[in-house]
2 protein chains.
Amino acid sequence: MTRIPGRALTVPPTLADVAERAGVSRQTVSNAVNNPELLRADTLVRVQEAIEELGYSPNRAARNLRTRSSHLIGLRMSPVQEFTANAAADRFVHSLVDTSREAGYQVLLFSGDATDPESGYDDLLRSTAVDAFVVTDTYLGNPQAAWLRERRAPFVAFGRPWDDPSATHPWVDVDGAAGAELATRHLLDKGHTRIAWIGWRKDSFIGEDRRSGWSRTLKERGLPTTGLASRVEDTVNSGREASAVLLDEALPTAFVCASDTLAMGVMHTLAERGMHAGEDVAVVGFDDSQTAQVMHPGLTSVRQPLEDVAIEVVSALEGLLAHPRRIAEGKLLTPTLAVRRSS
Amino acid sequence: MTRIPGRALTVPPTLADVAERAGVSRQTVSNAVNNPELLRADTLVRVQEAIEELGYSPNRAARNLRTRSSHLIGLRMSPVQEFTANAAADRFVHSLVDTSREAGYQVLLFSGDATDPESGYDDLLRSTAVDAFVVTDTYLGNPQAAWLRERRAPFVAFGRPWDDPSATHPWVDVDGAAGAELATRHLLDKGHTRIAWIGWRKDSFIGEDRRSGWSRTLKERGLPTTGLASRVEDTVNSGREASAVLLDEALPTAFVCASDTLAMGVMHTLAERGMHAGEDVAVVGFDDSQTAQVMHPGLTSVRQPLEDVAIEVVSALEGLLAHPRRIAEGKLLTPTLAVRRSS
DNA sequence: CCGGCGGACTTGATCGTTCCAATGGGGATC
DNA sequence: GATCCCCATTGGAACGATCAAGTCCGCCGG
């Protein structure tokens, strides 16, 4: 990797170094890297050998400057939520990193004020540090989507534009209603008829979507839903309290929950009453968190196809960057059910 | 953000645009951004107004090219481990992103072959895409540390250089022995005298370190350790099997585990035998995963101070980049114990 | 009145790549 | 044998910032 003998080992070779060694011009080396089909076969081989010998990799900064693109995707981390069972974020980030790499992109993590949706985005955008964003925290509508669209920032959302159906940005989402339906049908198949729902506050679009899957499935079968539903905060304790009330007042034999966190609350109630999940009462959660997988008994849970979400997100991103003014579409994926002993 | 009326809104202004508007030279604008103390107060105000009006942010690529630094830190993601209770990675990444930002750095995520420690690093290094790396997966020694050192790549490790005490790179680690000691003392205080250990295979340096905290604490008190320890794979089922054997053969009243995953295995055994964690047998895990927090009963667990680790890592990184040839030192942090009802 | 000094700002060169227009050589065409 | 064309390859300019020298100007002391 040395250019001048005696200089620091850390000075990497440049195009010019490779060109000199291969006896060609800089541009030819550049073509060998980016458009090899333009070169005659023997020249290509010669240049590639020189590249290999010197250990050359194109300087990212210079390339970014010239091409006005960084091949970086910005992803804002939502704050860690302790005391919840949310493993979804982690799995998604992994999938996104892997999928992006295959498409030639890398992921730049950043964080910002939770209260201020724009914070962090603005600077990255203006300094052309990233080519595009992936927006994930869309649980209560996505304020930053409008903001980004206004600035013509390329981005793909994981999550539907609930609050603005006319939004024109590309998005990918998982069909929460279908997931809840899957869970409910599974319980119906097991013979349950009084199936309760514990979900989120009414202002959560995602929560209402998931809930609709539960209610429509029961209604289709002519089974009752009234008195069997509860809407609470997404905490273990809320789930515990809600399930205690429901058990006393509505006598359900099964619970479908909007999250694994809430499902854990149900498990607490059962444990306190000496009841056994999967035997006395069935419980199904949502997100297939690590907790659902490792606890005893295993928690049946709706699993989001996050690997597929990442693939679709990257694919949408590629389309967006290749054809900036193409009309964006949304993509809805269907979750699966990881069945374990709690149901 | 427009320069030429009618052009795309997305062409950001440059230093020259700001200079023209403020009636100064490019360099003066550059100084206003990077060394404001060099400017006369009135000039500074004028330039800052122009920056504000145009919505200027320095182009990252150009700056990176000229200064030969990207202000990016590379972090390789280790593969997702499902069916374990590991929440540590997630919490650490969050802390690292937040801390880095305060120091003016951002985090570039990348992934590589799990089998090949170098994959991914090499390209980023040669293309000068990142200024430094944070290396985390050092559970079985860190092969990539030697590799990185050899290439004079700046990096900080989260994890001691177990296999090479003479290593000269900066590192930060959490004292696992102290953590296990904390857990063991807590159980001693509760009156337990037969305290078992379930840990990892002997080739895990981290596992042996944690184990030593357990054994030395018991030996100090003259309490038995023989027959009370088990070394297995880090899976729930291994923990379940190991605890079943120990319960039958060694009659422990408490378990200290090298991970929450193993502790969950103990919980399974107890549940299967109709025993209650925290009443019949005490259980302590390691890592304070989300599962430990949300399960029933709550799992007492050793909590790594990952926020502090991130702070120390970034601080070491700053030192490294500011003084490339300074002698590196290691830093060892002490964990805490999150006490819950399982003990 | 002059030389020297230092602070405030400017000018030209440069980082390493890709874009663009141009060049040279060799074969096919007339 | 001259013309045309096409392909591989070349040299110069540009991307937008910072670095390293300047230049200008006012002020001070002698």
Side-chain angles (χ1 to χ4, degrees), chain A residues 1 3-4 7-8 10-48 50-51 54-71 123 126-129 131, chain B residues 1 3-4 7-8 10-48 50-51 54-71 123 126-129 131:
Chain A
M1 266 173 69
R3 257 194 300 183
I4 301 158
R7 285 225 8 224
T10 46
V11 176
T14 71
L15 263 190
D17 299 322
V18 177
E20 195 185 348
R21 178 158 195 130
V24 296
S25 69
R26 296 188 320 268
Q27 184 60 41
T28 299
V29 179
S30 174
N31 285 335
V33 174
N34 301 308
N35 304 89
E37 75 279 4
L38 292 180
L39 300 201
R40 227 172 36 213
D42 58 333
T43 318
L44 181 58
V45 169
R46 203 149 35 94
V47 174
Q48 283 172 336
I51 289 177
L54 293 175
Y56 167 79
S57 295
N59 180 299
R60 284 267 254 267
R63 175 178 276 181
N64 294 349
L65 175 59
R66 187 68 243 225
T67 62
R68 297 166 166 285
S69 79
S70 62
H71 279 240
D123 184 54
R126 289 198 308 203
S127 63
T128 64
D131 288 354
Chain B
M1 264 164 82
R3 256 195 300 185
I4 300 156
R7 285 224 10 224
T10 46
V11 176
T14 71
L15 213 51
D17 299 322
V18 178
E20 195 186 349
R21 178 157 195 134
V24 295
S25 70
R26 297 187 323 264
Q27 184 61 42
T28 300
V29 179
S30 173
N31 285 335
V33 174
N34 300 309
N35 303 88
E37 74 280 2
L38 292 180
L39 299 202
R40 227 170 40 209
D42 59 332
T43 318
L44 181 58
V45 168
R46 203 149 36 92
V47 174
Q48 283 171 337
I51 289 177
L54 294 175
Y56 167 79
S57 296
N59 180 299
R60 286 265 253 267
R63 174 177 275 181
N64 295 350
L65 175 59
R66 190 67 246 232
T67 64
R68 298 164 166 286
S69 80
S70 63
H71 278 240
D123 184 54
R126 289 197 307 204
S127 63
T128 64
D131 288 355

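Because the structure is a prediction, the values reported are computed rather than measured. Residue numbers begin at 1 in each chain, while the letters A, B, ... track the order of the sequences.
Of the candidates D:dG16, D:dT18, C:dT18, D:dG16 carries the atom nearest the A:L65 side chain, counting heavy atoms from C-beta on. Of the candidate nucleotides C:dT11, C:dC19, C:dT14, C:dT11 has the atom lying nearest to any side-chain atom of B:Q27. For A:R66, counting side-chain heavy atoms from C-beta on, the closest listed nucleotide (D:dT18, C:dC9, D:dA13) is D:dA13. Proximity note for B:N59 (side chain, C-beta onward) versus C:dG12, D:dG16, C:dG16: the nearest is D:dG16.
Minimum interatomic distance between B:L15 and B:Y56 (heavy atoms only, all atoms of both residues): CD1-OH, 3.2 Å.
Close to D:dT9, at under 4.0 Å from its OP1 or OP2, lies a side-chain N or O of A:T43. OP1 or OP2 of D:dT18 has not a single side-chain nitrogen or oxygen of B:T67 nearer than 4.0 Å. Contact check, B:R40 against C:dC9: a side-chain N or O comes under 4.0 Å of OP1 or OP2. For C:dC9, neither phosphate oxygen OP1 nor OP2 lies less than 4.0 angstrom from any side-chain nitrogen or oxygen of B:S25. Considering only side-chain N and O atoms, B:T14 lies nowhere under 4.0 angstrom from the phosphate OP1 or OP2 of D:dC15. Taking only side-chain nitrogens and oxygens, A:R68 comes nearer than 4.0 Å to OP1 or OP2 of D:dG16.
Comparing A:E37 and B:L15, the nucleotide of DNA chain D nearest to each residue sits closer to the 5' end for A:E37.
Between A:R26 atom CZ and C:dT18 atom P the separation is 11 Å, expressed in whole Å. Rounded to whole angstrom, the span from the CD1 atom of B:I51 across to the C1' atom of D:dA17 amounts to 13 Å. Straight-line distance from the CG atom of B:N31 to the P atom of C:dT11: 14 Å, rounded to whole Å. Summarising the geometry, the separation between CZ on B:R63 and P on C:dG16 is reported as 18 Å, rounded to the nearest angstrom. Nucleotide D:dA17 holds its C1' atom 14 Å from the CG atom of B:N35, rounded to whole Å. Here the C1' atom of nucleotide D:dT10 and the CD atom of A:E20 are 16 Å apart, to the nearest Å. Between B:N64 atom CG and C:dT14 atom C1' there is a gap of 16 Å when expressed in whole angstrom units. Summarising the geometry, the separation between CZ on B:R46 and P on C:dA8 is reported as 14 Å, rounded to the nearest angstrom.
With A:S70 as the fixed residue, the side chain to side chain donor-acceptor pair (under 3.5 Å) test singles out one of A:N64, A:D131, A:T128: A:D131.
Within 4.0 Å of A:N34, counting heavy atoms only, lie sugar-phosphate atoms of the nucleic acid but no base atom. Within the nucleic acid shown, B:R60 has no heavy atom closer than 4.0 Å to any nucleic acid atom.
Considering CZ of B:R46 and CG of B:L39, their distance stands at 10.0 Å, rounded to 0.5 Å. In this structure, CZ on B:R21 lies 12.0 Å from CD1 on B:I51, to the nearest 0.5 angstrom.
In terms of modelled atom types and a separation under 3.5 Å, the side chain of B:S30 and the main chain of B:R26 share no donor-acceptor contact.
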